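Let me begin by handing over the structure; questions about it come next.
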Amino acid sequence: MAGESRKWMILVATIWIQAFTGTNFDFSAYSTEMKAVLGISQVQLNYLAVASDLGKALGWSSGLALLYLPLSLVLFIAAFFGLFGYGLQWLILRGVLSPPYFLVFLLCLLAGCSICWFNTVCFVLCVRNFPANRALAISLTVSYNGVSAALYTLAANSFNPSSHSLYLLLNAVIPLLTSLAALIPILRQPELNPLPPDAVQRDSLIFLFLNVLAVITGFYLLFPTSSANGLTLARLFFGGAIFLLVVPLCIPGIVYARKWFKDFYSSFTLDRSGFILIEDDDLELHKEIINRECSFTGSVASLLPNGNEPARSFLSKGNAGKGEGCCEGVIGKDQLVMLGQEHSAGLLVRRVDFWLYYIAYFCGGTIGLVYSNNLGQITQSLGQGPKTTTLITIYSSFSFFGRLLSAVPDYIRAKFYFARTGWLALALIPTPVAFFLLTGSGSPWALQAGTALIGLSSGFIFAAAVSITSELFGPFSVGVNHNILITNIPVGSLVYGLLAALVYDANTRPSTKGISMVTDSVVCMGRQCYFWTFMGWGFIAVVGLVSSVLLFLRTRHAYDRFERDRISFQVE
């Protein structure tokens with residue numbers, strides 16, 4: 001039982017790490033001041049945001065480091081990457097250093113790389129300590145990464161609300177302090193012992209309680225956005241947020257109350273489901289059922305070009321006539337046979353389903369991330385500069401809610417089943433709606449509503465992506481395949497940000513007040529600064545939505561077949 005207590009302490013430590021290491025989400029809080037101090041254009045500022053996102057392309061280095069170094073050492077290497085990357089940027093804003101632009105770019109790249117290293121550490125901790133419920137653990141901890149910007153906003157307001165450079169100092173120091181706090185439970189990891197079925201169910205119930213607590217935390221972080229500014233009030237809110245992050249430490253005590261859990265659990269049933277819908281054992285069972293059903297078609301299938309894939313022949317017959325009109329070729333060509341088939345990198349990039357998925361992510365979640373990077377300039381152009389931190393908190397909180405919602409399909413699948421690619425399509429709807437709303441109105445309420453919708457949509461996509469990649473292209477290849485998928489983030493950050501920056505710079509005029517008088521920095525004021533950007537982003541988001549719908553139509557038969565096989569096996 002002591003081992004079970006320690007594993008929950010490790011989960012809480014992982015939550016802390018995730019909650020304080022999403023430091024790229026508060027870029028908008030200090031980007032305007034960074035632009036003014038460096039005397040750079042909006043295009044050059046966009047390159048700094050791209051550098052932070054480009055750090056994700058180096059995430060593989062953390063996995064390589066774990067092959068040779070202890071996990072705790074990798075954790076502190078990530079912390080020192082952030083300390084160095086953000087700390088030197090803070091000194092630049094304070095006027096202590098005046099490096100060339102290229103070195104600032106490298107600092108942003110190093111800071112972005114630290115985030116990936118932290119994420120790798122958290123994933124490994126969840127996989128090692130929750131083998132039966134690893135998906136639920138990853139889902140919960142990844143969700144907390146979305147509240148980082150809101151937490152840093154509260155922390156900055158607690159010390160000095162007028163200092164935007166303070167965000168960089170907090171970004172440098174807080175992850176290191178969090179790593180120190182998480183060190184003891186990480187070093188005391190329990191031995192791995194197989195869990196009995198009742199223990200797996202009990203753990204699932206605890207995860208349900210933790211998700212409820214996470215929702216409460218998300219709503220709590222929204223309160224300061226509507227409250228009066230004040231140092232004392234900000235400190236109270238920040239203290240309350242820290243308290244909500246400490247509350248999960250009560251879980252070890254709940255674990256010891258075994259009888260209470262047993263009595264309570266008898267009142268309702270919770271399936272063994274997780275963030276990743278398809279468990280490895282379920283996938284193998286599904287493949288066995290498919291092969292058994294298709295065995296009688298082997299001799300016929302061997303005469304076809306793809307004779308080595310009898311399941312494809314079988315399912316193609318089952319799907320005959322499903323397509324209609326001109327969509328038949330798009331939906332039916334090279335259609336996914338079943339869920340969980342392992343895809344090598346070479347096979348992955350030849351899949352139509354992968355590119356539909358890539359476009360949906362590229363035109364959905366990534367464009368939402370670029371929007372958050374531009375919030376500082378968006379609010380400034382609309383004359384709402386003081387509201388920047390409020391909008392950052394709104395985006396952060398609703399991104400958090402979106403990440404939590406990504407696990408809802410798993411909890412309700414016993415009563416309502418819908419393919420996860422269908423949920424992805426539904427999650428993409430708010431993004432074009434938000435951009436067209438921002439195009440039509442520049443009012444404060446439209447800006448807040450649009451920011452909330454974009455945060456909700458992009459948060460869902462970020463969290464659900466790991467699950468979808470695992471289901472469509474194989475759970476054992478997910479590490480490589482998901483890294484290929486997220487190459488769209490730095491690409492999108494460059495393309496979308498560059499387009500927005502060009503429109504912004506085309507409408508700029510020299511600032512007549514503030515720090516920009518001392519530098520070559522120019523600012524754009526008025527709705528024209530982002531009008532065409534919002535319009536273009538809206539149509540791009542529609543392309544992502546259409547791509548996700550096509551992906552759903554192409555994969556729903558594989559999802560439906562898996563669900564039927566799973567239910568029939570449980571009945572037997």
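From a predicted model like this one, the values you see are computed outputs, not experimental measurements. Only heavy atoms go into these numbers, but all of them, side chains included; no hydrogens, no water, no symmetry mates.
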Query - Aromatic ring proximity, centroids under 6.0 angstrom, Y167 and Y86 - result: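 Between Y167 and Y86, which both carry aromatic rings, the centre distance is not below 6.0 Å.
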
Query raised in the report: Taking all non-hydrogen atoms of both residues, which atom of A241 and which atom of L151 are closest, and how far apart?
Result: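 Heavy atoms only, the tightest pair is CB-CD2, 3.8 Å.
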
Report task. Quick one: do Y496 and C363 satisfy side chain to side chain contact (heavy atoms under 4.5 Å, CB included)? Show the steps, please. Result -> CA-CA 10 Å; Y496 299 143; C363 299; 3.9 Å; yes

Requested in this report: Considering non-hydrogen atoms only, spot the tightest contact between S406 and F460 and give its length.
Outcome: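 Looking at all heavy atoms of both residues, the closest pair is CA-CE1, 3.4 Å.
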
Query raised in the report: For the residue pair F102 and Y47, is the inter-centroid distance of their aromatic rings smaller than 6.0 Å?
Result: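 No, ring centres 6.0 Å or more apart.
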
Query raised in the report: Centres of the Y358 and F354 rings: under 6.0 Å?
Result: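 Yes, ring centres under 6.0 Å apart.
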
Requested in this report: Search all heavy atoms of C108 against all heavy atoms of Q89 and return the closest pair with its distance.
Outcome: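 Scanning both residues, the minimum pair turns out to be SG-OE1, 3.6 Å.
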
Query raised in the report: So among T153, N171, T393, which one has a side-chain hydrogen bond (donor to acceptor under 3.5 Å, both in side chains) with D26?
Result: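 Of T153, N171, T393, side-chain hydrogen bond (donor to acceptor under 3.5 Å, both in side chains) with D26 is met by N171 alone.
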
Requested in this report: Would you sort out whether M34 and L93 count as a side chain to side chain contact (heavy atoms under 4.5 Å, CB included), showing the intermediate values?
Outcome: CA-CA 7 Å; M34 177 74 76; L93 289 194; 3.9 Å; yes

Query - Contact check, side chains of T451 and F398, non-hydrogen atoms, under 4.5 Å - result: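 SC-SC contact between T451 and F398 ruled out.
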
Requested in this report: Can you measure from OG (S31) to NE2 (H164) and round to the nearest 0.5 angstrom?
Outcome: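 Answer for the OG-NE2 pair, S31 versus H164, is 9.5 Å.
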
Query raised in the report: Short question: side chain of S457, backbone of L453 - any donor-acceptor pair under 3.5 Å?
Result: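 Not confirmed, S457 side chain does not pair with L453 backbone.
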
Query - Pairwise side-chain contact, L45 with F27, heavy-atom cut-off 4.5 Å (strictly under) - result: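 Yes, close enough: below the 4.5 Å cut-off.
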
Query raised in the report: Is L438 close to W537 at the side-chain level, that is, under 4.5 Å between some pair of heavy atoms?
Result: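 Answer no - side chains too far apart.
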
Requested in this report: Could you check T14 against C126 for side chain to side chain contact (heavy atoms under 4.5 Å, CB included), going step by step and ending with a plain yes or no?
Outcome: CA-CA 8 Å; T14 307; C126 291; 4.1 Å; yes

Query raised in the report: What's the shortest heavy-atom distance between V142 and F123, and which atoms?
Result: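 Looks like CG2-CE2, 3.5 Å.
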
Query - CZ/F76: more than 12 non-hydrogen atoms of other groups inside 6.0 Å - result: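 Counting other residues, nucleotides and ligands, CZ of F76 exceeds 12 neighbours.
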
**Report entry** Residue pair Y504 / T533, side-chain donor-acceptor N/O under 3.5 Å
**Finding:**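 Result is no, nothing qualifies.
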
Query raised in the report: S396 side chain to A150 main-chain N or O, any donor-acceptor pair under 3.5 Å?
Result: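 Yes, because the side chain of S396 sits within donor-acceptor range (under 3.5 Å) of the backbone of A150.
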
Requested in this report: Specify the closest pair of heavy atoms between I378 and S381, including all atoms of both residues, with the distance to one decimal.
Outcome: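 The pair with the smallest heavy-atom distance is O-OG, 2.7 Å.
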
Requested in this report: Look only at the side chain of Q44 and the backbone of S41, and say whether a donor-acceptor pair between them is shorter than 3.5 Å.
Outcome: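 Checked: pair present.
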
**Report entry** Donor-acceptor pair, side chain of S458 and main chain of G368, under 3.5 angstrom
**Finding:**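 Side chain of S458 to backbone of G368, a donor-acceptor pair under 3.5 Å: no, none is there.
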
**Report entry** CZ on F435 to CE on M535, rounded to 0.5 Å
**Finding:**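 Rounded to the nearest 0.5 Å, the CE-CZ separation comes to 12.5 Å.
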
Query - Shortest non-hydrogen contact from S28 toward N374 - result: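 Nearest heavy atoms, S28 then N374: OG-N, 3.8 Å.
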
Query raised in the report: Should the heavy atoms of other residues, nucleotides or ligands under 6.0 Å from CZ of R527 be counted, would the total exceed 12?
Result: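 Yes, CZ of R527 has more than 12 neighbouring heavy atoms, counting only those of other groups under 6.0 Å.
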
Query raised in the report: Could you give the distance from CD1 (I359) to CG (L545), rounded to the nearest 0.5 Å?
Result: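 Between I359 CD1 and L545 CG, I get 13.0 Å after rounding to 0.5 Å.
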
Report task. Drop me the distance from T23's OG1 to N145's CG, to the nearest 0.5 angstrom. Result ->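 The OG1 atom of T23 sits 8.5 Å away from the CG atom of N145.
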
Query raised in the report: Is a donor on one side and an acceptor on the other found under 3.5 Å between the side chain of S547 and the backbone of L356?
Result: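 Yes, S547 side chain to L356 backbone: donor-acceptor pair under 3.5 Å.
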
Query raised in the report: What is the distance from atom CG of L107 to atom CZ of F84, rounded to the nearest 0.5 Å?
Result: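 CZ of F84 is found 6.5 Å from CG of L107.
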
Query - Approximate separation, where rounding is to 0.5 Å, of L140 CG and S143 OG - result: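 Rounded to the nearest 0.5 Å, the CG-OG separation comes to 6.0 Å.
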
Query raised in the report: Does a sphere of radius 6.0 Å around OH in Y101 hold more than 12 heavy atoms from other residues, nucleotides or ligands, not counting ones at 6.0 Å or beyond?
Result: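 Buried by this count: over 12 neighbours within 6.0 Å.
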
Query - Contact check, side chains of T421 and L472, non-hydrogen atoms, under 4.5 Å - result: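 They are in contact (side-chain heavy atoms under 4.5 Å apart), so the answer is yes.
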
**Report entry** Residue pair P100 / L103, side-chain heavy-atom distance below 4.5 Å
**Finding:**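 Yes. Closest side-chain heavy atoms under 4.5 Å.
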
Report task. Not counting sequence neighbours, list each pair that qualifies as a side chain to side chain donor-acceptor pair (under 3.5 Å) and has a residue in residues 359-369. Result ->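 Passing the test, one end in residues 359-369: T366-N488.
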
Query raised in the report: Just by distance, do the side chain of Y152 and the backbone of L168 share a donor-acceptor pair under 3.5 Å?
Result: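 Answer holds: no.
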
Report task. With the side chain counted from C-beta on, respond yes when Y371 and F534 share a heavy-atom pair under 4.5 Å apart, and no when they do not. Result ->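 Yes - at least one pair of side-chain heavy atoms lies under 4.5 Å apart.
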
**Report entry** Aromatic contact, F418 with F552 (centres under 6.0 Å)
**Finding:**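 Ring-ring flag for F418/F552: true, centres closer than 6.0 Å.
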
Query - F436 side chain reached by F539 side chain, heavy atoms, under 4.5 Å - result: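 Yes, their side chains come closer than 4.5 Å.
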
Report task. Let me see the working for L38 and V104 under side chain to side chain contact (heavy atoms under 4.5 Å, CB included), right down to the final yes or no. Result -> CA-CA 9 Å; L38 296 178; V104 179; 4.1 Å; yes

Report task. For a ring-ring contact (aromatic ring centres under 6.0 Å, His included) with F400, tell me which candidate from F25, Y144, Y220 qualifies. Result ->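 Checked F25, Y144, Y220 against F400; only one passes ring-ring contact (aromatic ring centres under 6.0 Å, His included): Y144.
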
**Report entry** Side chains of L405 and L456 in contact at under 4.5 Å (non-hydrogen atoms)
**Finding:**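 Heavy-atom side-chain distance check passes, below 4.5 Å.
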
Report task. Please confirm whether the backbone N or O of L166 pairs with a side-chain atom of W90, one donor and one acceptor, at under 3.5 Å? Result ->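 Such a contact is absent between W90 side chain and L166 backbone.
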
